[in-house]
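As structure tokens, the structure follows; a few thoughts come after it.
Indexing begins at 1, ligand by ligand and atom by atom, following the structure's order. The figures that follow rest on heavy atoms only: side chains count, while hydrogens, waters and symmetry mates do not. Because the structure is predicted, anything quoted here is derived from the model rather than measured.
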Amino acid sequence: MRVPRRAGRRTNLALLVLLPVAFATGWLAFGTGTLWPARVVVAAHAVAGLAIVALVPWKRLIVWRGLTRPGGAPVKVYGVALGVLVLLSLAAGILHAYTGPHDYFGLTAMQIHVGAAVAAVPFFVAHLVARRQRARPADLSRRNALRLSALLGASLAGYAALEGLSRLAGWPGGRRRATGSYETGTDDPAAMPETSWLFDEVPDLDPAGYAVTVRTPAGTRDVGYPELAAGGDEVRATIDCTGGWYAAQTWRGTRLDRLLGGVPASGVVVVTSVTGYQRRFPAAEAPALWLATHAAGRPLDAAHGAPARLVAPGRRGFWWVKWVTSVRPSPRPAWWQSPFPL
Ligand SMILES: Nc1nc2c(c(=O)[nH]1)N[C@H]1C(S)=C(S)[C@@H](COP(=O)(O)O)O[C@H]1N2
Ligand SMILES: [Mo]
């Protein structure tokens, strides 16, 4: 089958917009911890993804035309690699969303989804360079805008149908949270996955010799484990890992404003782990952050941050610094950090 030229160009233009949108909304979803914004961002991500799926039959024809043209072997390889990675990412994303958090070849569907998307980026760039097109006035025509809107409308309807169906039919996807995560280990901390962002290893810390260094304008103080463990501040909060799982626990420990002797008038607090991992928070958030020693009435275990870890309700799991060694102010702004841990 042949694809009419103009339809081909429209398909390519739509993909040129949709692939970066899908990529960006995916990262945005990782940054969103509270439920209503997450619902919107995840829906946008899903709609972009389903619109790409809808274009696959068209793109297949364009790809076929390109591959049967003679010459240009490296360019063809980049293009095919891009196609394979995008299809892999789409498939893994859909599997995660509707069939539950399963492993494939030793990786979670979410890891494959994200990994394939990140790996596709250089091929996307190479493909754009190799198949460079000049912009034409007709690209931004009313007609093209209408067609893209129709495509997005149909994708939104498809997404709504899939969501409705997964709830009605009891598919695993119906149980996932607005962020896309599945419940694992609520009120049973031992059943929570032990998650490290990349390379941190669980340190072996003896509570007897353990203290958290708390620095305030008034001075520096080492707060030992007995004092931390006696903290009576309880909070019910949900840890939600970008890896695709969440768990609600009743955490107990000391609220950060109490630890700091009040809410700092301004500035930033840096919470640092024994491993060197750290996150920065606006100091005004101190009353909404906890240094927890207990979950579900039991001391934390080593993998989950013992002796003390941060509890940051409404923020994704990577903010919940484990094995905290210090809490201190910083002169640099809160946004002065990589949006995701590196
Ligand atoms: N020091 C340190 N803290 C960390 C991490 C880490 O790798 N190192 N991983 C973070 C991530 S990505 C998540 S989801 C949670 C996981 O907590 P858990 O292992 O108790 O489930 O801890 C966070 N705190
Ligand atoms: Mo995580």
Side-chain angles (χ1 to χ4, degrees), residues 26-34 38 42 96 101 103 107-115 118 176-205 207 210-213 228 235-253 256 269-281 285 289-328 337-342:
W27 285 106
L28 212 56
F30 271 9
T32 318
T34 46
V42 168
H96 173 85
D103 283 12
L107 295 169
T108 65
M110 188 62 121
Q111 284 167 331
I112 298 172
H113 176 61
V114 177
V118 170
R176 73 196 197 288
R177 207 172 179 236
T179 55
S181 296
Y182 289 92
E183 191 279 315
T184 315
T186 289
D187 294 319
D188 183 8
M192 290 195 305
E194 297 160 6
T195 309
S196 279
W197 185 275
L198 300 183
F199 308 118
D200 268 7
E201 265 176 43
V202 177
D204 184 14
L205 300 170
Y210 174 87
V212 174
T213 304
L228 292 171
V235 59
R236 180 83 186 161
T238 300
I239 180 166
D240 186 335
C241 175
T242 53
W245 63 271
Y246 75 87
Q249 309 291 353
T250 302
W251 309 88
R252 186 169 67 72
L256 237 54
V269 286
V270 186
V271 179
T272 304
S273 166
V274 167
T275 63
Y277 179 64
Q278 59 177 49
R279 298 304 291 169
R280 313 163 63 79
F281 300 82
E285 260 184 51
L289 297 169
W290 283 257
L291 193 61
T293 52
H294 288 68
R298 288 186 295 278
L300 296 174
D301 57 48
H304 294 117
R309 73 153 336 140
L310 197 67
V311 168
R315 289 178 179 264
R316 297 302 287 270
F318 66 83
W319 293 91
W320 298 46
V321 179
K322 297 190 276 191
W323 317 297
V324 170
T325 186
S326 74
V327 178
R328 57 183 172 78
Q337 63 187 336
S338 142
F340 300 101
L342 294 173

Positive for side-chain hydrogen bond (donor to acceptor under 3.5 Å, both in side chains) with Arg316, one of Thr32, Thr242, Asp240: Asp240
Distance-only N or O hit between ligand 1 and Lys322, under 3.5 Å: yes
Proximal candidate to atom 23 (C) of ligand 1 [heavy atom criterion; set Gly317, Pro203, Ala247]: Gly317
Which of the ligand 1 atoms, numbered from 1, are nearer than 4.0 Å to a heavy atom of Thr275: 1 (N)
contact_flag Trp245 ligand 1 heavy-atom lt 4.0 Å: yes
Which of the ligand 1 atoms, numbered from 1, are nearer than 4.0 Å to a heavy atom of Ser273: 1 (N)
Atoms of ligand 1, numbered as shown, that sit under 4.0 Å from any heavy atom of Glu194: 19 (O)
Within-shell test, Ala303 vs ligand 1, heavy atom, strictly < 4.0 Å: yes
Name of the residue among Thr213, Thr272, Val269 meeting side-chain contact (heavy atoms from CB on, under 4.5 Å) with Arg328: Thr272
Contact check, Arg309 vs ligand 1, heavy-atom distance below 4.0 Å: yes
Per-atom contacts of ligand 1 with Trp320, taking only distances under 4.0 Å to non-hydrogen atoms: 22 (O), 23 (C), 24 (N)
Mutual orientation of the aromatic rings belonging to His96 and Tyr182 [parallel < 30°, tilted 30-60°, perpendicular > 60°]: perpendicular
Interfacing atoms of ligand 1 (cut-off 4.0 Å, heavy-atom, Cys241): 14 (S)
Subset of ligand 1 atoms that lie under 4.0 Å from at least one heavy atom of Trp323: 1 (N), 2 (C), 8 (N)
Pro193 neighbourhood, listing ligand 1 atoms whose heavy-atom distance to it stays under 4.0 Å: 18 (P), 19 (O), 21 (O)
Min side-chain heavy-atom separation Val202-Lys322 under 4.5 Å: no
Asp103, CG atom: more than 12 neighbouring heavy atoms under 6.0 Å: yes
Phe281 and Trp319 aromatic centres sub-6.0 Å: yes
Ligand-side contact atoms (ligand 1) for residue partner Ile239, heavy atom cut-off under 4.0 Å: 15 (C), 16 (C), 17 (O)
